[in-house]
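Note sheet for the following structure.
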Amino acid sequence: MLSRFRSKLLLVVLGITVILCAVPMWTSAQVPSTALDGRYEGVRLNVILMNHPSTTLIRRFVPEFEKATGMKVNMELLGQKDLFQKEELELSGMTGAYDVMHFSMIYRAKWLEAGWVAALDPLINDSSVTDSEVLDLGDFKVAPLNSLKGKDGIMYGLPMFDDTTLLCFRKSIFEDLGLTPPNTFYQLMETSENIRVNTNRPAIILRGQRGQGLNIFIWPTFLRGFGGKFFEDFPNDDFTPVLNSSEAKYAAEFYANLIQKYAPEGCVNFNWEDTKTSFMRGAGAMIIDAYMFAGDFEDPSLSEVAGDVGYTLVPRGPYGRFPAIAMHGMMIPKTAKKKNAAWQFIQWALSYDVQLKSALEGPRAAVTKVSVMQNEDYLAKYDFGYGEYKWAPVAVKSLNMALSYYRPLFFRKWFEVGDGVGIALQEVIAGDKSADTAMEEVNQEILRIIEKAGLPMGK
Amino acid sequence: MKIRETKTLKQEKGAGRDKALKEEKRLNRDKITLMVFLVPAIVMLAGVSIVPTIYLVNTSFTSWELSDVHSNVYVGFYNYLDLMRDSRFWHSLGLAFYFMGGTTGLQLLIGLILAILLNMKLRGIQILRSISVIPMVLPPVVVGMIWWILYSPTVGPIHYYINAIISPFGLKMKPILSIRQTAMLGVIISDVWEWTPFVTLVLLATLQSLPQEPYESALIDGASKLQVFVYITLPMLKPAMLLVFLLRAMESVKVFPKIYVMTAGGPGKATETVNYYAFLKGLTYLEVGYASAMVVIMFAIIIIFSIVLCSFLSRQIMIG
């Protein structure tokens with residue numbers, strides 16, 4: 001009897017030991033195997049990224065990465081405007097202060113032309129530093145992955161979160177007024193008028209503040225929808241500015257009218273933080289803005305409209321439907337001194353496990369791995385919207401239809417051009433200038449910039 | 001006797017010469033010691049101000065863009081000629097001086113009134129004097145954020161309470177920072193709130209150090225309070241007022257943190273002063289050559305303005 005007891009006890013102890021041994025293996029499964037052999041013990045990594053739900057969540061799991069690899073990660077998160085200024089100063093000064101940096105498609109052309117970014121292909125193809133199971137390149141969404149490649153097809157960054165725009169609307173207000181979400185620009189104007197008249201409240205929230213990443217993130221939906229464009233033939237290197245076309249002027253006037261008549265007070269100065277919090281406070285019945293805001297809209301601890309939001313594609317114009325597109329990822333600067341160690345961090349931070357874990361701990365709706373978006377727990381958590389106005393399928397549709405040159409970002413003078421158009425648009429919104437005058441003036445200004453930069457015009 | 005006297009005179013003369021020589025040597029040693037102590041300070045001053053200024057001027061003659069390693073080439077006065085054609089630059093320069101005039105004028109006026117009030121002998125005046133300096137110790141970014149919140153049409157009290165008062169009459173206040181006509185005024189008010197205590201302190205200290213005899217004579221002669229203020233106080237305060245005007249003018253024309261936080265140069269270009277435009281050109285678009293040329297022009301204007309004011313100030317002090 002005693003020997004039977006001893007055998008059972010031995011079995012239990014063995015079982016517990018096996019489980020305890022398996023736990024570290026399970027925890028470090030998301031860390032590349034190429035980082036677990038102790039070669040990076042004591043290495044200090046400096047990482048700088050945008051302050052964003054995805055990065056704040058990644059930062060929460062960094063101690064696991066540190067424990068598994070022996071590295072020490074110093075992670076700095078900054079707001080968008082300050083981040084890019086700091087990054088450009090560091091890169092142009094070739095300080096080598098950071099090993100992993102935030103990489104946006106907006107900066108792709110400028111940074112690649114300047115030779116600041118290290119190619120990732122040599123690392124990807126080196127099995128001594130890449131765990132192909134953890135990296136799983138084929139699991140990334142195609143458009144985000146391609147947006148961080150150079151013209152030469154070489155990979156320079158891996159996508160961390162993508163962005164597109166949706167029309168989000170208050171289900172209760174629409175049901176009370178018997179309205180359906182607008183599908184065209186004119187329906188949008190009519191619906192806004194209807195809501196304003198019947199509720200005496202703002203109908204729509206849009207970005208008004210000047211900037212290529214602010215009002216010029218939203219406005220091209222209207223510009224292109226009305227048949228306008230920035231340049232004569234951008235993808236084919238004809239940089240003749242055409243913002244003084246009648247279509248562009250009309251688009252500016254239309255956008256300004258929406259804000260002047262139907263947006264909350266002060267919308268002319270709204271950046272994305274203002275638009276998001278305004279909608280969450282119930283300040284407007286509709287908003288056209290980033291799809292990833294849904295995580296905040298549907299968080300009952302933050303939002304007054306949680307559970308009352310429907311999602312649909314941005315309205316279309318006579319020339320089509322043009323949702324916005326943006327992509328943000330991670331890259332290794334050429335001056336980084338610890339490229340291999342940096343690559344281990346990137347593989348881990350963008351792995352399936354970390355993306356899923358952060359999405360489930362959330363809010364982090366924007367993920368870049370297809371398998372995460374198909375995960376049952378993810379779909380259950382981000383089951384926003386209702387009926388045909390559910391967030392996830394609409395978001396996927398929007399991302400798939402977005403034009404890569406929605407904003408013609410892929411040349412080094414985009415910032416100056418985009419900001420200039422943003423200023424002109426804000427002047428129209430504020431009522432300082434007519435759309436006619438503002439667009440003519442900005443077109444002249446852009447012409448000067450393009451001529452000075454020596455970019456090709458005409459064919 | 002004479003020879004002994006002559007010898008003594010010569011000895012005395014010789015002794016005097018020795019003394020003078022010793023004195024001269026001592027003075028030279030003192031000069032050398034002084035130079036030795038001054039040189040580090042001069043080197044540091046040159047290092048942090050003169051050398052960067054020379055580098056800035058040098059950069060202004062290049063077409064340097066930080067994102068293009070091949071662009072650091074000399075282009076002579078090309079940037080300056082380009083600036084002459086840049087209407088956005090002239091607009092921003094005009095705004096900088098508009099801001100300077102508005103904020104400095106208001107600070108002087110309000111600062112003077114506050115200084116006179118705080119100079120009164122009242123119970124608890126010391127506490128009021130201490131409280132009045134609080135805005136001055138806040139960082140400009142914090143001041144900008146405070147006023148951005150105050151002006152906010154959605155969460156700010158100014159908009160809320162003014163609309164509560166005027167809405168029964170069918171009127172509605174527009175957001176201050178959202179319209180061109182009032183956006184710069186909003187920034188000016190925040191700057192006045194921050195720096196009036198500085199002006200007040202300087203004028204208060206001057207008031208407290210003014211001689212009392214003119215006042216006693218005026219009292220005897222039966223002058224009214226207004227006459228005393230206009231004909232005695234103000235003239236004696238003039239040098240201090242000019243000095244504080246010079247200091248505030250030079251500082252205010254370089255305004256940046258408040259604009260960055262409150263308006264980002266908008267709406268449109270309504271608050272885009274030359275400092276902000278230079279920041280965009282240099283640190284956002286990375287055209288450091290062009291931005292340097294802008295800053296050099298600004299620097300030259302401020303230097304000329306300061307020289308004119310300083311000479312006017314010196315004349316006033318001499319007349320006083």
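Below, all heavy atoms of this structure are taken into account, side chains as well, without hydrogens, waters or symmetry copies.
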Q: Under 4.5 Å, counting heavy-atom pairs only, tell me which of B/Asp82, B/Thr263, B/Asp68 racks up the most with chain A.
A: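 If we count pairs closer than 4.5 Å to chain A, B/Asp82 comes out on top.
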Heavy atoms of other groups near [X] [atom1], more than 12 under 6.0 Å:
X	atom1	value
A/Asp152	CG	yes
B/Met145	CE	no
B/Trp193	CH2	yes
B/Met44	CE	no

Handout entry: Proximity of residues 172-192 of chain B to chain A, residues having a non-hydrogen atom under 4.5 angstrom
Key =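 So the qualifying residues are B/Lys172, B/Met173, B/Pro175, B/Leu177, B/Ser178, B/Arg180.
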Pull out the residues in [range] that come under 4.5 Å of chain B, heavy atom to heavy atom, sorted by number.
range	answer
residues 267-276 of chain A	A/Val268, A/Asn269, A/Asp274
residues 102-113 of chain A	A/Lys110
residues 433-452 of chain A	A/Glu445, A/Arg448, A/Lys452

Find the one option among [options] whose heavy-atom pairs under 4.5 Å with chain B are most numerous.
options	answer
A/Glu416, A/Glu265, A/Gln85	A/Glu416
A/Arg412, A/Lys413, A/Arg281	A/Lys413
A/Ile429, A/Ile423, A/Val428	A/Ile423

Heavy-atom closest pair, residues [X] and [Y]:
X	Y	value
A/Trp116	B/Leu66	CZ2-O, 3.4 Å
B/Leu283	A/Glu88	O-OE1, 4.5 Å
B/Ser67	A/Ala114	O-CB, 3.1 Å

Residue A/Trp414 versus chain B: region with a heavy atom under 4.5 Å |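 Contact with chain B is absent: no heavy atom of A/Trp414 under 4.5 Å.
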Review point. To the nearest 0.5 Å, how far apart are CG in A/Asp432 and NZ in B/Lys269?
Key: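 The NZ atom of B/Lys269 is 10.5 Å from CG of A/Asp432, to the nearest 0.5 Å.
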**Request:** Report the distance from atom CZ of A/Phe415 to atom CG of B/Leu286, rounding to the nearest 0.5 Å.
**Result:**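 One gets 9.0 Å once the value is rounded to the nearest 0.5 Å.
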Heavy-atom contact with chain A under 4.5 Å, split by part of B/Tyr290
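When you check distances to chain A, only side chain atoms of B/Tyr290 fall under 4.5 Å.
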- A/Phe84 versus B/Thr284: any side-chain heavy-atom pair under 4.5 Å?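 Side chain of A/Phe84 against side chain of B/Thr284, heavy atoms only: no contact under 4.5 Å found.
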